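Computed from a predicted structure; not experimentally measured. Chain naming here is simple, since letters A, B, ... match the order of the sequence lines and numbering starts at 1 in each.
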Amino acid sequence: MTEIEHVSADTAMHSAGEVIVTLLDVNKWYGEFHALRDVNLVVGRGEKVVVCGPSGSGKSTMIRCINRLEEHQEGDIIVDGVELVPDLRKIEAIRRQVGMVFQNFNLFPHLTVMDNLTLGPVLVQDTGKEEAEAAAMDLLKRVKIPEQAWKYPGQLSGGQQQRVAIARALMLKPKIMLFDEPTSALDPEMIHEVLDVMIELAKEGMTMICVTHEMGFAREVADLVVFMDSGEVVEAAKPKRFFSEPENERTKLFLSQVLH
Amino acid sequence: MDTAISFATPKSTPRRVPPTLESGVLLWLRENLFSSIYNTVLTGLAMWALFLTIPDFIAWAFVDAVWRTDDPQTCRDAAGACWAVIGEKHRVMLFGTFPYDEHWRGVLAIVLIVGMAILSAFRRFWSYLLFVVWLGVTAAVLVLLLGGVFGLTPTGTHKWGGLPLTLLMFVGTVVGGMPLAVFLALGRRSRLPAIKAICVGFIEIVRGVPLITVLFMASLMFPLFMPEGVTIDKFLRAQIGMILFFAAYAAEIVRGGLQAIPRGQYEAADTIGFSYWQKTNRIILPQALRIVLPALMNDIIRAFKNTTFVSIIGLFDVLGATATALEDPLWVLFALEAYTFIFVFYFVFCFSMSKYSEHIERDLKKGRNL
Ligand SMILES: Nc1ncnc2c1ncn2[C@@H]1O[C@H](COP(=O)(O)OP(=O)(O)OP(=O)(O)O)[C@@H](O)[C@H]1O
Ligand SMILES: [Mg+2]
């Protein structure tokens, strides 16, 4: 159980700063299938956690529990001071604090890029239309596609769509950003334009939890790299140690496959 | 691999047009009518059948036809069609028993409804607001036909008939039935067992019986359930029956659309923090309804044709009013001509709706944003 001790050690270290996400012995089943097994994770405000692991290891399941797209059955999940319990009334309020970016972008195809961005603030935060459009334009400039504002998602490249998706999530000024393999559906030449946006976001101090196999990204921005396998957190360490001296055999095997 | 014999020759050639294909009428004829022995035989048979019938039809319908007369005897003496019956009876056919001096109100109702229908065909007007405008127009047509306000002579629904009745029944069915269909479709996917059971039960029961029985039930059973002394108007009863029938079928179509929306759309809407209704109204329904629009158009066309069933429970729609018009013994011989006119009328309405639907379907297939 040395892995768990690692997390605990890191937890102690982080407790100096402010904790924004806590998962304590979280268990989740899909029917009979045990998808998350006693998962522990603490994320400090402004820190970046990269989650990696083989397919089916429960990475998506874990981050989807943080904004309650999936419900866990045992253990505690606390997001920005609010515990996610089954009879939680205002789940929408918590979701607005947590932005999410998906592998398949999931833009709304029937709305223009501009409307994709402004619909959230206008409907859930009562922002005025003009104010929202100005904010959207600023964000589109930040992700370097202001000229695409009036197009439909179907007219954009994958990389552009993913940058719109990031901008859409940022529109609600979230405290935490979740990324679920944001570059896995992209052609190689587009991966960088998305990673650049994410790196910039990381440098601005956003709290980020990213499921990704972009190890360069992990090296550059991560405060903690978490390796999962078959529903368990197998290893968690700072990137330097994670890549240079992984302790678990499964981690070593995984790293030998993803690093070239 | 010194023995490999594969090779390619690099060559640079300017772009040019494809070699000319044989085109024109002859090619079309050869490909479509005379492509094989069987096809040629079929073409011959069809030509022969047309040769036998077309000249007679043209003689009857045009050459020997009587176009205008107020004397039925002229028609009887003629060898061809008696189109004069339409000129003579069009008021009754189009307005039934609606008071003669008030027919302008019927005309206005027709213009309002047809105008709105044409307006609705333009995609730039598509929004929930369009539905609200439809509600307003329907209400306006109701007031126009009922009278009793703004100095209009009161004309109860028992005096209604003809085209305004057909069109109002049709519009009422769609305008009343669409929201109900959407609620039923959403309810059928609800996680609450009670709501789901009610919706499934309603949809399956109504779809399990013919429209006629729904109309008879509406016209005979509703009064039984009503407290003593309360009567519901016959038009309203038929309208309710038509709405329920339309909604049950449309609900299944809408449900198909809801199912076609990928889970990611729901999840993206959830992560933004939309409430159930915000998610449904802004994200899911606009996409689902677009997908199923061609199928819905089919149902809408069917609803239009189904309005003819109301004549069975004693309402005079265009078809019923035409039957009444032909009760005049002087003109009763010319029913064929009168019904041909009705035939053409229904065909023009339904065919244009169906062509429009095809047009939308084509655009949808191209993946274009409607
Ligand atoms: N809705 C579901 N119902 C049943 N089983 C599921 C469901 N979602 C995921 N699972 C199972 O749970 C396990 C973990 O899935 P998850 O999607 O979290 O993996 P992942 O680590 O994100 O994998 P990938 O790298 O392929 O995205 C898998 O074995 C998967 O088959
Ligand atoms: Mg995943």
J.: Is it true that, when you exclude Phe122(B) itself, more than 12 heavy atoms of the residues, nucleotides or ligands shown sit nearer than 6.0 Å to its CZ?
T.: no
J.: I'd like to know whether CZ of Phe349(B) has more than 12 heavy-atom contacts from other residues, nucleotides or ligands below 6.0 angstrom.
T.: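 Above 12, so yes.
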J.: Looking only at heavy atoms, which of residues 274-284 of chain B get nearer than 4.5 Å to chain A?
T.: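 Phe274(B), Ser275(B), Gln278(B), Arg282(B), Ile283(B), listed by number.
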J.: Taking atom CZ of Phe125(B) as the centre, report whether more than 12 heavy atoms of other residues, nucleotides or ligands fall under 6.0 Å from it.
T.: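 Result for CZ/Phe125(B): enclosed.
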J.: Within residues 130-137 of chain B, which positions have a heavy-atom distance to chain A below 4.5 Å?
T.: none
J.: Select one option (side chain, backbone, both, neither) describing which atoms of Leu119(A) are under 4.5 Å from chain B's heavy atoms.
T.: both
J.: Under a 4.5 Å heavy-atom cut-off, does chain B meet the side chain of Phe108(A), its backbone, both or neither?
T.: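 Contact with chain B is through both the backbone and side chain of Phe108(A).
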J.: What residue pairs, at least two apart or across chains, pass salt bridge (Lys or Arg N to Asp or Glu O under 4.0 Å) with a residue in residues 241-252 of chain B?
T.: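 Qualifying pairs: Arg188(B)-Glu252(B), Glu252(B)-Arg255(B).
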J.: What part of Asn67(A) gets closer than 4.5 Å to chain B, counting heavy atoms only: side chain, backbone, both or neither?
T.: side chain
J.: Give a yes or no on this: more than 12 heavy atoms of other residues, nucleotides or ligands lie within 6.0 Å of atom CD of Glu147(A).
T.: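 It does: Glu147(A) CD has more than 12 such atoms within range.
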J.: Could you pull out the closest heavy-atom pair between Ile272(B) and Gly120(A), with the gap in Å?
T.: CG2-CA, 3.7 Å
J.: Counting a contact as any heavy-atom pair under 4.5 Å apart, which residues of residues 166-185 of chain A contact chain B?
T.: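 Only Arg168(A), Leu172(A) of residues 166-185 of chain A have a heavy atom under 4.5 Å from chain B.
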J.: Verify, without hydrogens or angle tests, whether Glu92(A) (side chain) and Thr271(B) (backbone) share a donor-acceptor contact under 3.5 angstrom.
T.: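 No, the answer is negative, given that no donor and acceptor are paired below the 3.5 Å cut-off.
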J.: On a heavy-atom basis, which atom in Gly273(B) and which in Val124(A) lie closest, and how many Å separate them?
T.: O-CG1, 3.7 Å
J.: With side chains defined as the heavy atoms from C-beta onward, is the minimum distance between Glu267(B) and Met100(A) less than 4.5 Å?
T.: no
